Amino acid sequence: MIRPGKLITRNSLNITFNRRTMLIGGAQGLVGAILAGRMAYISIVENERYKMLSESNRVNLTLIPPRRGWIIDRHGKPLANNKADFRVDLIPQRVRDVDGTIDQLSSILKMTPDKVDDLRAAMKDARGLQPVPVAAGLSYEDFAALSVRLPDLPGVAPQRGFSRQYPTGAAVGHLLGYVGIANAEEYEENKNPLLITPGFKIGKDGLEKYFEPQLQGKPGARKVEVTARGKIVRELGVQEDVPGKPLKLTIDGGLQEFVARRMGRESGAAVVIDCQTGGILAFSSMPCFDPNSFSDGIGRLEYSMLSQDERVPLLNKATRGLYPPGSTLKPMAAVACLQHGVDPEETVNCPGGYRLGNRFYQCLGRHGPVNMVRAIEKSCNTYFYAQAHRLGYDKIAMVAREMGLGEDFNLAGLNQRYGTIPDSEWKMRKFKQEWTASDSLNAVIGQGYVIVNPLQLAVMVARLASGRKLYPHLIPNTRTAPTLPYPPEHLAIAQQGMAQVVSQGTAARSKLPLEGIAMAGKTGTAQVRGLGSGSRGGAGVPWKYRDHGLFVCFAPVEQPLYAAAVVIEHGLGGSRAAAPVAKDFMTYMFDPQKAMDSLLAMEAGWGGNIQQRMAAEFDLFRARAEGRLPEPPTEEAAD
Amino acid sequence: MLAFVPRPVAELPWQIIFITVAIAGFGVIVLYSAAGGSVSPWAGIHALRFVVFLAMALVIRLFSENFVKWGTFPAYALFAVLLLLVELAGAVKGGSQRWIELGFIRLQPSEFMKPLVVLAIARFYEMLPIGQARSWSAIWPPLVLIGVPWFLVMTQPDLGTSIAIMTGGVTVMFLAGVPLRLFIGAGLAGAAFVPFAFFFLLKEYQQNRVLIFLDPESDPLGTGYHISQSKIAIGSGGIGGKGYLQGSQSHLDYLPEGHTDFVFATMAEEWGLIGGLFVIAMFALLLRWSTAVSLNAPSRFGKLAGGGLTMVIFFYIAINMLMVMGLAPVVGIPLPFLSYGGSSMMTIMICIGLLMGIERTTRQGGGGGRVLA
């Protein structure tokens with residue numbers, strides 16, 4: 001290079017120019033070599049990696065949600081199946097203009113305002129690829145109209161698939177549970193891509209949840225070539241899904257539906273058990289939500305209607321409703337007495353009550369001298385007060401537990417509240433107090449500390465009727481239940497008492513209208529207001545203070561096939577509210593046509609079947625929510 | 001030359017014509033595929049433009065060196081004013097504007113500035129008395145000549161073009177014999193200036209581009225998406241490519257700007273490393289020719305202008321290819337003769353035309369020792 005001070009000539013500048021041009025040329029050549037080397041590196045050394053990335057760009061693997069296994073009853077009749085369905089979901093991450101998209105969808109699909117509000121709310125909380133259901137059960141025309149506009153609606157995913165269907169709707173809600181879209185937490189747990197596949201649902205409650213692994217099945221897959229904008233260019237291959245395995249239950253579908261419908265407008269629960277196996281034939285808690293609408297993603301309005309209803313449709317009363325069993329425990333108490341040497345022919349005089357110290361414990365009537373069978377038949381409190389005072393309740397409590405009361409059954413994940421069968425040790429533990437004779441008197445008539453759920457009552461009567469320690473179950477099994485540790489003669493006395501309850505006693509109005517088949521039962525009335533409150537829960541008080549009506553029964557008397565428990569909340573009394581329900585569904589088991597005819601007549605008076613009544617209720621609720629109808633006057637004000 | 005070929009035809013610079021036809025022809029083939037196997041909308045117009053601009057270059061070739069010298073400063077002044085007008089128009093309308101609407105064509109003054117800055121500085125050094133070649137008066141006027149358009153383009157903002165203008169101008173200064181220590185000093189000062197420029201002069205989107213260039217995976221769906229997809233296209237092509245019309249990256253729209261800035265990736269996906277080396281080789285031949293033209297030019301103006309124009313062409317090629325291979329940030333500079341787009345092809349063809357003119361002058365004068373080719 002030229003140093004300062006050196007003479008500058010044209011020639012020296014030319015030499016500088018030539019040198020520097022060569023330098024630049026060399027630098028350019030070096031850049032060229034770097035480019036060639038870099039390209040060779042990317043396309044040879046990293047070729048495999050980029051090929052894979054290019055393929056994963058090009059090929060889109062869409063999971064096909066597997067068809068869910070059917071749930072069938074003991075005769076193979078579906079309680080839950082799948083229906084072919086056109087549905088549409090939104091994939092939050094791909095939606096560009098949420099409001100615009102929702103507006104377009106609502107006009108194409110003609111959505112109602114409350115559904116649009118629900119969708120907006122759902123989209124606010126939605127993130128990522130978790131699909132948000134827009135609508136299911138679309139008509140082919142709507143589906144086609146939507147499909148045509150897809151290019152302008154990024155994030156909208158219409159799909160032809162299958163959705164869960166419960167043919168008898170609310171009748172199986174608490175039994176089967178329902179299905180729904182996996183939530184974010186469930187997806188975080190195992191990151192299974194199936195969980196965020198539009199249209200895929202998992203069991204959310206009840207049997208649907210407990211038997212999820214069996215019912216789920218294996219997804220299929222569709223390989224398609226897609227553009228960067230998600231447009232499908234062509235299909236590369238399809239692998240069919242493997243449907244989930246069917247789940248067979250001990251339930252009798254016809255009976256299940258009949259019981260639910262026969263409950264009518266009442267709030268309550270009924271459980272029917274097969275006296276030969278312990279299999280549950282019907283398991284009903286009414287009123288109930290419709291699992292179909294839960295599975296489609298229930299609307300906020302419908303949900304708030306359900307959660308505001310004082311008859312608590314969202315609670316499974318068959319296992320989670322706890323009630324004082326009242327007199328329904330008397331046959332069991334009789335067995336306990338026989339166990340401890342009470343002579344069944346010994347009589348107790350009933351003057352209308354029993355005096356303990358300076359308190360007089362009321363009986364419902366003046367029965368005069370009663371023996372054990374007659375005490376059951378007439379539901380004489382005095383007789384059992386006397387026996388409980390003599391024996392102490394601890395001995396009765398042992399029999400009660402043997403009969404299944406207070407027990408938490410292992411029943412397909414069904415959530416239970418198992419209540420209390422009290423004894424002296426329990427009271428000491430719980431209240432640090434000695435057991436008193438007064439406690440025994442209250443407990444023996446199923447009041448006081450005693451509290452049970454309807455399932456336990458059904459198990460109790462099934463064991464009492466069969467003489468075996470039947471274990472309630474929903475999935476058929478071949479286990480034989482052991483016999484109860486009580487002599488059959490003792491059980492026969494309790495059964496005899498129950499038979500007379502129906503033939504001539506407190507439930508005489510609920511005889512089966514059938515030739516040669518008789519039912520045995522025991523009524524119970526449970527007070528809702530404490531005994532000390534002074535006022536009884538009769539017809540003159542608001543619904544929520546009225547007494548619960550209970551009834552336990554089995555039929556036929558001679559060779560018990562079916563045992564059942566019915567609880568009608570605030571039904572005023574066992575013989576009045578619960579026994580007629582039992583009579584009708586027991587009739588159904590022997591003569592379905594006859595029972596169905598009388599049910600249809602009753603439903604006409606109630607304003608239609610379950611579905612029709614629920615729809616009417618919802619319309620009314622919606623009208624009130626939208627201010628089109630005034631709020632109803634409260635019951636207190638009406639009384 | 002064969003005797004029956006007329007002399008004006010025989011004297012045409014066939015070597016460079018073949019090179020440009022080869023690259024642009026390949027460009028037409030690639031653009032045909034980029035459009036999904038269709039002449040429209042790109043391949044046909046690309047071919048037509050190339051023919052028009054090649055004709056324009058051959059016309060420029062006929063300009064005498066004196067005519068070019070005479071026109072340099074007026075043209076420079078004219079386009080500097082136009083640049084200012086564009087700037088003002090942009091300021092009035094809001095947002096950035098880079099062209100003047102002439103009705104039939106969109107005139108982009110910054111494109112013309114690339115060769116004009118080179119010519120103006122070459123002209124300046126030619127006029128400068130030889131004895132002052134290393135003095136202060138040899139330095140500040142070129143810096144002004146570079147600085148005015150650089151600043152105007154930078155504020156448009158068009159980072160790529162402003163750097164191209166500066167690179168061309170500084171190259172001429174370097175070739176003119178400005179002391180080396182000044183370049184080293186300026187280089188160090190520039191390095192120190194980079195952080196300042198990054199934080200205060202660049203707009204946010206420009207800053208992002210630089211950041212994402214440094215770490216493309218940090219934003220695979222945003223700005224880094226371009227680079228990632230481009231590398232996937234090139235890498236998945238392998239040695240022989242996926243086959244003509246078989247590129248999934250380009251045809252399924254994963255590769256953005258596959259017909260303009262990222263046309264090299266579109267090509268590489270289908271033609272592989274072999275296609276890429278062919279393109280690089282053709283550009284090497286082009287630059288070898290232009291470097292030889294400048295070395296062989298007898299006049300100082302011809303030498304300096306030739307060297308500067310070579311650098312302008314090189315700048316396009318190098319920055320674009322470094323960008324598509326993930327070695328430079330995304331700056332929006334097209335690849336000559338391959339990318340679809342009129343203004344860049346026009347700039348390149350003006351440069352080629354001017355270089356052809358220098359070569360013609362050299363041949364006519366017969367002076368100067370032939371260094372290369």
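As the structure is a prediction and not an experimental result, all values here were calculated from the model. Order of the sequence lines fixes the chain letters, A, B, ..., with proteins taken first and strands second; residue numbering starts at 1 for each chain.
Residues B:Tyr225 and A:Ala228 come closest through the heavy atom pair OH-CB, 4.1 Å. The two residues A:Met39 and B:Gly272 have their closest heavy-atom pair at CE-O, 3.4 Å.
When atom types are taken as modelled, the side chain of A:Arg20 and the backbone of B:Phe174 share a donor-acceptor pair closer than 3.5 angstrom. Using modelled atom types, no side-chain atom of A:Arg38 and backbone atom of B:Leu327 make a donor-acceptor pair closer than 3.5 Å.
Between B:Ser294 and A:Phe17 the shortest side-chain heavy-atom distance falls below 4.5 Å. By the 4.5 Å heavy-atom criterion applied to side chains, B:Tyr125 and A:Leu13 are not counted as neighbours. B:Ser248 has its side chain out of reach of A:Glu225: every pair of non-hydrogen atoms, C-beta onward, lies at least 4.5 Å apart. Put simply, the side chain of A:Thr21 does not reach to within 4.5 Å of the side chain of B:Lys303, judged on heavy atoms. Side-chain contact check for A:Tyr50 versus B:Gln249: every heavy-atom pair is 4.5 Å or farther apart.
For the set B:Val178, B:Thr171, B:Thr310, the count of heavy-atom pairs under 4.5 angstrom toward chain A peaks at B:Val178. With respect to chain B, the highest number of heavy-atom pairs below 4.5 Å among A:Arg10, A:Lys51, A:Gln28 belongs to A:Gln28. Your options are B:Ile130, B:Leu252, B:Asp253, and the one with the most heavy-atom pairs under 4.5 Å with chain A is B:Leu252. Comparing A:Asn57, A:Val226, A:Val31, A:Ile42 by heavy-atom pairs within less than 4.5 Å of chain B, the highest count is held by A:Asn57.
Expressed to the nearest 0.5 Å, how far OG of A:Ser43 lies from CH2 of B:Trp271 amounts to 15.5 Å. In this structure, the separation between CG on A:Asn14 and CZ on B:Arg300 is 7.5 Å, given to the nearest 0.5 Å. Taking CD of B:Glu269 as the reference point, atom OG of A:Ser54 lies at 5.5 Å (rounded to 0.5 Å). Atom CE of B:Met311 and atom CD1 of A:Ile24 lie 4.5 Å apart (nearest 0.5 Å).
Counted within 6.0 Å of CZ on B:Phe183, heavy atoms from surrounding residues, nucleotides or ligands total more than 12; the atom is thus considered enclosed. Heavy atoms from other residues, nucleotides or ligands lying under 6.0 Å from CZ of A:Arg120 number more than 12.
Of the two parts of B:Leu304, the backbone and the side chain both hold a non-hydrogen atom closer than 4.5 Å to a non-hydrogen atom of chain A. A:Ile44 touches chain B through its side chain: at least one heavy atom from C-beta onward sits under 4.5 Å away, while N, CA, C and O do not.
Within residues 232-240 of chain B, the residues having any heavy atom less than 4.5 Å from a heavy atom of chain A are, in residue-number order, B:Ile232, B:Ile234, B:Gly235, B:Ser236, B:Gly237, B:Gly238, B:Ile239. Chain A is approached within less than 4.5 Å, heavy atom to heavy atom, by B:Gly276, B:Leu277, B:Ile280 from residues 276-284 of chain B, ordered by number.
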